[in-house]
*Asks:* 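Sharing a structure below in structure tokens format, with a few things to ask.
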Number of protein chains: 2
Amino acid sequence: MGEKMISSIAELIADRIGTMPAGERRAAQTLIASYPMIGLKTVAEFSTAAGVSSPTILRFVARLGFQNYPEFQSSLQDELAAQLQSPAIRTLNPPSPGGGTVSPMLEATLDNMRETFRHLSDKQLADIAARLADRRGKTFLIGGRFTDPLARYMAAHLAVIQPDVFHLAGQESMWRDRLIDMGKRDVLVIFDIRRYQDSLVRFAEKAHQRGVQIVLFTDQWLSPIARFARHVIAGRTAVPSAWDSSAALFVVAETLIGAVTRQLEAGGARRIREMEGLR
Amino acid sequence: MGEKMISSIAELIADRIGTMPAGERRAAQTLIASYPMIGLKTVAEFSTAAGVSSPTILRFVARLGFQNYPEFQSSLQDELAAQLQSPAIRTLNPPSPGGGTVSPMLEATLDNMRETFRHLSDKQLADIAARLADRRGKTFLIGGRFTDPLARYMAAHLAVIQPDVFHLAGQESMWRDRLIDMGKRDVLVIFDIRRYQDSLVRFAEKAHQRGVQIVLFTDQWLSPIARFARHVIAGRTAVPSAWDSSAALFVVAETLIGAVTRQLEAGGARRIREMEGLR
DNA sequence: GGAGCGCTGTACCGTATGTTACGTATTTTA
DNA sequence: TAAAATACGTAACATACGGTACAGCGCTCC
């Protein structure tokens, strides 16, 4: 194993810059100087920035071992994506003093929530909440094998503050029959994360054809149901565990429950009184 | 001052996504889901990722106010570059100007989790996990009106990796009858937060009398069931909402699921093989 | 129920981009 | 100093990328 560990293109360049001719070295230096942005632009821009010609840039990336320029750019993008995934905290993170098994899990979960909400604007949430608070139609909720409890949780709360909230449970054939109750004024909330369930996809498609507005809770890779969804909430699910985490989606669900409640209160719904007594 | 402050393309999208037709909205959602990497790739890749045609992508960026696709990509790159420059100033979810309803909720939830885990030692969790992984007895799970979905969630996972996991659902009279199945080798996991449910308390007491080991998930004020419980997990539940939050308990549950899974793997349980295939 | 509008995808086009061939300059070696 | 080898840029090339015209379709609104 005489090979060195090369994990980033920057290291690769540092490793080989000594063997490069003058022109390619200038290319390498300009790339390092504003790494990696220049590498994402066109060959022409790169070349003028480095003060060399286009072919020199191409010879440069070829020397790094890439077959062509697009392949080089893809590598840079992948590297960037990986870097953006772990929001810097990871590197600055204290080495979890206890060395316990809980800290990494908690930290990852907290990161997931921050990331999830980072991609989620107040306006989006408000729009969805408004849709759920619009009481001209019914609300149906359903989830997959592991996410159905989230649907139940949301349904349990919404059902308190408004009528016509239904959690779809049981066998697939059971939901099917509920399709005839669904129309364009209704909302269907679906939870579906990897591995996406065919039965849910089919159901979503049927509902979509009937004009039902679909609110989808899924992971960052988007369930195929996104195709039919009016609103998509993409939550982060990766944690250091054998399982995916639905915690971020859970928090979004709670946030939505709160938002819907607030909107109904503002609207002066009668039901709310009863709920007050409940607390 | 009617204009809003738009500082990132992500915000721009969130602002206008409501006015977009279906196809363009799908483009917006896929971009947000893995922001901003997809936007740096070619139109063709973007379009297939979003499941729409190329022109739809171009109309999408046009609607955002860009003259053409390269200009759009340049903006994304500039944004990325600025972001990479200042790793500290991660002000990506800005102080949510206006009546920011989401940020306080998220912040409170994150605080709750940190506080919850601060009062929870690795050893406690490991003990509980060991108890749940001990397969000489059965595992029963049950929850209250709003927390029962948490019991379901946990049961759904545990049932995959070990036999004899039962979620107690339905009417109170139903659980009662299950009491005769319970003995001192068995574990009962109960979720109970304010307002504590009498029916659950009574059930817990009966189970306790039969020697069942009770693991209680509750809030920081402790359900009366704590009196009978072998292990108590007290989660923070206060959030700026009309409802209490079960998110901290949810994360503890996920952590436990992970820990139990790990212990069973270490023990070389046969069931785990099947689960591997499942993932 | 019919007319109009808006949205979406297919097919095609022009061009900017990556790529290659070749000639010149520069350095290296005998 | 001469000759050879390497490196670099100019210019021509081909591909694939972004862009556009157009037709089909569904939707909404009379």
Side-chain angles (χ1 to χ4, degrees), chain A residues 16-31 36-77 136-137 182-186 205-214 226-230, chain B residues 9 13 16-31 36-77:
Chain A
R16 305 197 185 174
I17 197 173
T19 71
M20 291 181 187
E24 299 179 28
R25 198 174 314 134
R26 291 183 62 185
Q29 283 161 346
T30 40
L31 175 57
M37 298 315 295
I38 293 280
L40 298 178
K41 300 189 186 296
T42 68
V43 174
E45 286 178 281
F46 193 169
S47 66
T48 57
V52 297
S53 67
S54 298
T56 299
I57 300 296
L58 296 177
R59 282 187 284 261
F60 163 66
V61 302
R63 190 182 300 264
L64 292 179
F66 297 99
Q67 293 299 322
N68 48 30
Y69 194 71
E71 181 181 308
F72 162 72
Q73 287 188 315
S74 292
S75 279
L76 280 180
Q77 288 190 10
R136 286 175 303 189
M182 303 186 190
K184 36 186 57 172
R185 316 208 85 100
D186 302 328
E205 182 171 11
K206 295 246 173 54
H208 173 68
Q209 285 168 355
R210 296 186 60 89
V212 178
Q213 302 244 3
I214 295 180
R227 184 182 181 80
F228 314 115
R230 181 75 172 73
Chain B
I9 295 180
I13 292 171
R16 305 197 185 175
I17 196 172
T19 71
M20 290 181 188
E24 299 179 28
R25 194 162 45 231
R26 289 178 58 190
Q29 284 160 346
T30 43
L31 175 57
M37 298 315 294
I38 293 279
L40 299 178
K41 302 190 184 295
T42 68
V43 174
E45 285 177 284
F46 192 168
S47 66
T48 56
V52 298
S53 67
S54 299
T56 299
I57 299 296
L58 297 176
R59 284 187 285 261
F60 162 66
V61 302
R63 190 181 299 265
L64 292 179
F66 297 99
Q67 293 299 322
N68 48 31
Y69 195 72
E71 182 181 308
F72 162 74
Q73 287 188 315
S74 292
S75 279
L76 279 181
Q77 286 189 10

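Letters go in sequence order (proteins before strands), and every chain restarts at 1. Given the structure is predicted, the values throughout are model-derived calculations rather than measurements.
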*Asks:* Using the side-chain contact (heavy atoms from CB on, under 4.5 Å) criterion, which residues pair with A/Arg227? Sequence neighbours excluded.
*Replies:*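 Applying side-chain contact (heavy atoms from CB on, under 4.5 Å) to A/Arg227 gives B/Arg26.
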*Asks:* Check nucleotides 28-30 of chain D against the protein and report each pair of N or O atoms closer than 3.5 Å, with its distance, or say if there are none.
*Replies:*
none

*Asks:* In this structure, are over 12 heavy atoms from other groups packed under 6.0 Å from A/Gln209 atom CD?
*Replies:*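 Correct, the count exceeds 12.
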*Asks:* Reading nucleotides 6-24 of chain D from the 5' end, what letters show protein touch, with B for base, S for backbone sugar-phosphate only, - for no heavy atom under 4.0 Å?
*Replies:* -SBBB------SSBB----
*Asks:* Checking side-chain contact (heavy atoms from CB on, under 4.5 Å) for the pair A/Ile38/A/Thr30: CA distance, chi angles, key distance, verdict?
*Replies:* CA-CA 8 Å; A/Ile38 293 280; A/Thr30 40; 5.7 Å; no
*Asks:* Please assess B/Thr42 against B/Tyr69 for the test side-chain contact (heavy atoms from CB on, under 4.5 Å), listing each intermediate value before the final yes or no.
*Replies:* CA-CA 9 Å; B/Thr42 68; B/Tyr69 195 72; 5.8 Å; no
*Asks:* For nucleotides 25-27 of chain D, list the nitrogen or oxygen atoms of the protein found under 3.5 Å from its nitrogen or oxygen atoms, one pair per line.
*Replies:*
none

*Asks:* To 10°, what angle do the rotation axes through the five end pairs on each side of the helix from C/dG1-D/dC30 to C/dA30-D/dT1 form?
*Replies:*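 Computed angle between terminal axes is 30°.
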*Asks:* Which heavy-atom pair separates A/Leu31 from A/Gly39 by the least distance, and what is that distance?
*Replies:*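 Nearest heavy atoms, A/Leu31 then A/Gly39: CD1-N, 3.7 Å.
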*Asks:* Using whole Å, report how far CZ of A/Phe60 lies from P of C/dT19.
*Replies:*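 So the CZ-P distance, A/Phe60 to C/dT19, works out to 14 Å.
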*Asks:* Taking distance alone, no hydrogens or angles, what donor-acceptor pairs closer than 3.5 Å link side-chain atoms of residues 51-62 of chain B to residues at least two apart or in another chain?
*Replies:*
residue, atom, partner, partner atom, Å
B/Ser53, OG, B/Thr56, OG1, 3.3

*Asks:* Would you call the rings of A/Phe72 and A/Phe66 parallel, tilted or perpendicular if under 30° counts as parallel and over 60° as perpendicular?
*Replies:*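 Rings of A/Phe72 and A/Phe66: perpendicular, over 60°.
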*Asks:* Distance-only, no hydrogens or angles: does the A/Glu24 side chain make a donor-acceptor pair with backbone N or O of A/Ile17 under 3.5 Å?
*Replies:*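 Flag not set: sc A/Glu24 to bb A/Ile17 has no pair under 3.5 Å.
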*Asks:* Can you check the A/Phe72 CZ to C/dT19 P distance for me, whole Å?
*Replies:*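 A/Phe72 atom CZ is separated from C/dT19 atom P by 12 Å.
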*Asks:* Mind running side-chain contact (heavy atoms from CB on, under 4.5 Å) on B/Leu40 and B/Gln77 for me, showing each step along the way?
*Replies:* CA-CA 8 Å; B/Leu40 299 178; B/Gln77 286 189 10; 3.7 Å; yes
*Asks:* Can you tell me how far the CZ atom of A/Arg136 sits from the CZ atom of A/Arg185, to the nearest 0.5 Å?
*Replies:*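 Atom-to-atom, A/Arg136:CZ and A/Arg185:CZ are 5.0 Å apart.
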*Asks:* Distance from A/Thr19 atom OG1 to A/Arg25 atom CZ, nearest 0.5 Å?
*Replies:*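 It comes to 9.0 Å.
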*Asks:* What's the shortest heavy-atom distance between B/Met20 and B/Arg16, and which atoms?
*Replies:*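 Smallest heavy-atom distance, with atoms named: CG-O, 3.4 Å.
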*Asks:* Mind running side-chain contact (heavy atoms from CB on, under 4.5 Å) on A/Phe228 and A/Glu205 for me, showing each step along the way?
*Replies:* CA-CA 6 Å; A/Phe228 314 115; A/Glu205 182 171 11; 3.8 Å; yes
